[in-house]
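Let me begin by handing over the structure; questions about it come next.
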Amino acid sequence: MTRNTVIQDARVLTADYLPNRMLHRGNERQVIADNLSPILEGLPPIDMLIYGPPGTGKTAMAQYVVDELQKHSPNLLSGFVDGFGQPSRFEVYYKLLRDMNEFVTRGGTSTEELVDKFEEKAYNAPMAIVVDEADQIKDEKVLYDLSRFQNAAIILIANRGDVFVDMDDRIRSSFSSIDEIRFKAYADDEIVDILKDRVKYGLRDEAITSSGLKIIASKSGGDARVAISTLRKAAQKAEREGLEKISKEIIKESFTDAVKDNRSISLKKLNEDQRKLYDVLKEEKQLPSAKLFQAYKQEAEEPPSDRTLRRYMKKMEAYGLIESKGSTRDRKYSLKS
DNA sequence: AGTCCACTGGAACTTGAGGAAT
DNA sequence: ATTCCTCAAGTTCCAGTGGACT
């Protein structure tokens, strides 16, 4: 039997683990709860747009408040959709109905049938619906539909506050009374507190010094997800090497790994052609689209049409892998640093 | 200050995979 | 089996844009 040198409870060291209290988000928690609470008395709730940079607890907090509310009010239905894969209307309603324990078959069911079923449910019970990465939803009608349900609370989550600028006027006005809640990047000392909380339950005493935590915090740039995953990787590495303490060198290495991981998760979602485009772009600092497509076509055996390539570029931009500058004639692409 | 035209992205259509019903 | 439905992803077509070049 081997004794753990550093790790006590590995679960606590994952970014998805929800501690029963979320540090430094007390005000935000209260605002979200206040906006939702009318639903418990049969009154219309206030829809919300939660925005802010990655790793600031937007999703975790929305989920947490909805879960808490559900404990007090068991007949509250809840659903969670992620716009990342740009799901269609069908996918959105399918997922929501599943979350609400409604069995629906995938094939043979039309989108309209799903919507009808959902509508019926929405009339009979209060709901809280969380839409993560709401700016990625390609079918704007979905958001418009959802906004119409009176006793369903809609919580949209996005990185930027200007989700609606590119959208249809109807959608903008249907969300005109939406409460916008900004989640700022954590300050370094706040990250340290969050890490301390994890260390307390996840690691053995004395496994990491507070100056070690400060290093992680300052590197993380206010992103709790990256900070926690750095801590986890550092702990695992120390454990593997049989050390009692996490050294500064280990922290530095682990941070680099954590950032790489973050990116490779997005890269995994690319198909072969998209990956090739990315690799071509990697060779250059910056490339106009025509040159990029030309270079790519020399490598590819059966290149898809230009229209498809343009779509790929959009997608990779949405994933935060590349950046584009300029409009029509002189658009240039580069890797995101 | 006007025309040209390379490039963008919306829309309509096609193809292929996959589940359900018969 | 096969028929009937769905959706995602690709293609074709094309109007619209806004630099480039008179």
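Reminder, nothing fancy here: chain letters follow the sequence lines and each chain counts from 1.
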Q. Rounded to the Å, how far apart are A:L309 CG and B:dG9 C1'?
A.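 For the pair A:L309 CG and B:dG9 C1', the rounded distance is 14 Å.
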
(Q) For a quick test of reading the model: is some side-chain N or O of A:T308 closer than 4.0 Å to OP1 or OP2 of C:dT11? (A)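 Indeed, a polar side-chain atom of A:T308 lies that close.
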
Q) Do A:D67 and A:K71 sit within salt-bridge range, that is, some charged N less than 4.0 Å from a carboxylate O? A) no

Q | Validation row: A:M100, A:M127 side chains within 4.5 angstrom (heavy atoms) | A |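 Yes, side chains in contact.
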
Q. Quick one: which of B:dT8, C:dT11, C:dT6 gets closest to the side chain of A:F90?
A. C:dT6

Q: In whole angstrom, give the distance that lies between atom CE of A:M316 and atom P of C:dA9.
A: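 In whole Å, C:dA9 P and A:M316 CE are 15 Å from each other.
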
Q: Rounded to the nearest angstrom, tell me the gap between atom CZ in A:R310 and atom P in C:dT12.
A: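 My rounded result for the distance is 12 Å.
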
Q) With a 4.0 Å cut-off on heavy atoms, is A:N271 in touch with a base, just the backbone sugar-phosphate, or nothing at all? A) sugar-phosphate

Q) Would you say the side chain of A:V131 lies within less than 4.5 Å of the side chain of A:I157, judging by non-hydrogen atoms? A) no

Q.
Categorize A:Y94 for me: base, sugar-phosphate, or nothing, with a 4.0 angstrom heavy-atom threshold over every strand shown.
A.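 Counting heavy atoms under 4.0 Å across all strands, no contact is made by A:Y94.
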
Q. Should A:S305 be listed as having a side-chain N or O under 4.0 Å from OP1 or OP2 of C:dT11?
A.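 Answer yes for this pair, as a side-chain N or O of A:S305 is under 4.0 Å from OP1 or OP2.
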
Q. Given B:dA11, is OP1 or OP2 found less than 4.0 Å from the side-chain N or O atoms of A:R311?
A.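 Checking A:R311 against B:dA11: no side-chain N or O falls below 4.0 Å of OP1 or OP2.
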
Q | Distance in angstrom units between A:Q294 CD and B:dA6 P, rounded | A | 13 Å

Q. Roughly, in whole Å, what's the span from CG in A:L292 to C1' in B:dT8?
A. 15 Å

Q. What is the distance from OH of A:Y312 to C1' of C:dA8, rounded to the nearest Å?
A. 12 Å

Q) So which nucleotide from B:dA11, C:dG10, B:dT8 ends up closest to the side chain of A:R307? A)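 Out of B:dA11, C:dG10, B:dT8, the nucleotide with an atom closest to A:R307's side chain is B:dA11.
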
Q.
In the structure I gave you, are the side-chain heavy atoms of A:L96 and A:L77 within less than 4.5 Å of one another anywhere?
A.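 Answer no - side chains too far apart.
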
**Q.** Atom pair distance, as rounded to whole Å: CG in A:D306 and C1' in B:dC5
**A.**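 After rounding, the reported distance stands at 15 Å.
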
Q) Is there side-chain contact between A:I155 and A:D47, with heavy atoms separated by less than 4.5 Å? A) no

Q | d(NZ, A:K314; P, C:dG10) in whole Å | A |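 Taking atom P of C:dG10 as the reference, NZ of A:K314 is at 17 Å.
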
